[in-house]
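First comes the structure, then the notes that go with it.
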Amino acid sequence: MDRRALPRAESGFEREQLKRLEVLSIIEATTLVLLVCVAVPLNHIVGLPLGSRILGPVHGVAFLAYTWTALQTVAGGGWRGRDMARLFIVAFLPFAGFSNLSWLRQRAASLNGECIK
């Protein structure tokens, strides 16, 4: 096996993982915002628990998918501790998943040697 091809294959895998993280970050952040800002207030203020009953499990699945993909991505190595912490902290804060998108795109671009502003 050509040793020069190995880093390209690894960076290709990481780029794919980062793209998955972008999509899952959007889904996870959206479900969290809907749950915290819409469903839970409707449940506690108006007494309509249906939103929480539906969005709770949907967000749970989105959170697990995001977390699993983040773990797979950082397991490849080359991640600083604070970058790994950032990936996981944003999953717990409403709207933080959206702010993480540009950072994920910059990380993916750096694997290509591109410069994104």
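Computed from a predicted model, the values in this text were never measured in an experiment.
Linking Ile, Leu, Val, Met, Phe, Trp and Tyr whenever their side-chain heavy atoms come within less than 4.5 Å puts M84 and L87 in one cluster. A single hydrophobic cluster is seen to contain both V38 and I45, as judged by linkage of ILVMFWY side chains at heavy-atom distances under 4.5 Å, directly or through other members.
For I89, the side chain to side chain contact (heavy atoms under 4.5 Å, CB included) criterion is met by A85, L93, not counting sequence neighbours. With sequence neighbours excluded, no residue satisfies side-chain hydrogen bond (donor to acceptor under 3.5 Å, both in side chains) with T69. Not counting sequence neighbours, the partners of L18 by the side chain to side chain contact (heavy atoms under 4.5 Å, CB included) test are E14, L21, T73, W79, L104, R107, A108, L111.
Atom NZ of residue K19 and atom CG of residue L24 lie 11.0 Å apart, to the nearest 0.5 angstrom. We find the CD-CZ distance between E28 and F92 to be 8.5 Å, quoted to the nearest 0.5 Å. From R105, atom CZ reaches atom OG of S110 across 14.5 Å, with rounding to the nearest 0.5 Å. The structure places CG of L55 at 10.5 Å from CG of L32, a figure rounded to the nearest 0.5 Å.
The only member of T31, N100, L101 that meets side chain to side chain contact (heavy atoms under 4.5 Å, CB included) when paired with I26 is L101.
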Check: Can Y66 and V90 be said to form a side chain to side chain contact (heavy atoms under 4.5 Å, CB included), step by step?
Finding: CA-CA 11 Å; Y66 173 83; V90 299; 3.5 Å; yes
Next item on the list: Please report the C-alpha distance between T30 and F98 in whole Å, then the side-chain angles of each, then the deciding distance to 0.1 Å, and finally whether the side chain to side chain contact (heavy atoms under 4.5 Å, CB included) criterion is met.
Entry: CA-CA 8 Å; T30 302; F98 299 118; 3.4 Å; yes
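Across P57 and S52, no two heavy atoms sit closer than the pair CD-O, 4.0 Å. Taking both residues in full, the closest heavy atoms of A39 and G51 are given as CB-C, 3.5 Å, listed atom of the first, atom of the second, then distance.
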